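Model, not experiment: these values are computed from the prediction.
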Amino acid sequence: MSTKVNLVNERFKQLLKILNTTPSQFADTMGVPRATISHLLAGRNKPSLDFISKLHETYPHINVNWLLFGELPIFENTNANQRSETNQLLPSFPVSDYEKITGKRIDKIIIFYSDQTFELFHASLDDASSK
């Protein structure tokens, strides 16, 4: 089996973990047979063009180039209006203050929406260095 296929399978496993979903739930959400997901995870099959198309339709913020080739970022940016509205919901204190309070450093925040989209926010370097 090719190393490239193994890497795709590993990124797919990572995606399920990030989305906090089971292979069965993922298959049901995408409308594909559960065996399709099982075969991808086991390395038996590579993702087909139909699978990648359904993935992009179901989860438009997942960067399919990351899944296939490892090109970052994992999630594509959302539109500016949605990002602006979301930023108003996030805590207004710097990430470094959270670390002082909890003793833990925030690396990223993922917000999942009811329409199956999500946004990924990374801690800024300015916040991390302002200790």
Between CD1 on residue Ile37 and CE on residue Met30, distance to nearest 0.5 Å: 5.5 Å

Arg34 versus Asp28, closest heavy-atom pair with distance: NH2-OD2, 2.7 Å

Leu41 CG to Leu16 CG distance, which is reported to the nearest 0.5 Å: 5.5 Å

side-chain contact (heavy atoms from CB on, under 4.5 Å) between Thr29 and Thr58, intermediate numbers included: CA-CA 8 Å; Thr29 300; Thr58 308; 3.8 Å; yes

Side chain to side chain, Lys46 and Phe51, heavy atoms closer than 4.5 Å: no

Candidate pair Trp66 and Leu15, rule side-chain contact (heavy atoms from CB on, under 4.5 Å), full reasoning: CA-CA 10 Å; Trp66 168 77; Leu15 179 63; 4.1 Å; yes

Inter-residue atom distance Gln14.CD - Lys17.NZ, 0.5 Å rounding: 8.5 Å

Check ion pair Lys54-Glu57 (N to O, under 4.0 angstrom): no

Worked check of side-chain contact (heavy atoms from CB on, under 4.5 Å) between Phe69 and Val8: CA-CA 7 Å; Phe69 309 112; Val8 170; over 6 Å; no

Plane angle bin for Phe12 and Phe26 - parallel if under 30°, tilted between 30 and 60°, otherwise perpendicular: perpendicular

Nearest non-hydrogen partners of Ile52 and Pro47, listed with the distance: CD1-CB, 3.8 Å

Hydrophobic cluster identity match, Leu49 and Leu67, side-chain contacts under 4.5 Å: no

Interatomic spacing from CG in Asn45 to CG in Asn9 - rounded to 0.5 Å: 9.0 Å

Stepwise side-chain contact (heavy atoms from CB on, under 4.5 Å) check, Leu19 with Gln25: CA-CA 11 Å; Leu19 295 175; Gln25 291 169 329; over 6 Å; no

Atom NE2 of His56: over 12 foreign heavy atoms under 6.0 Å: no

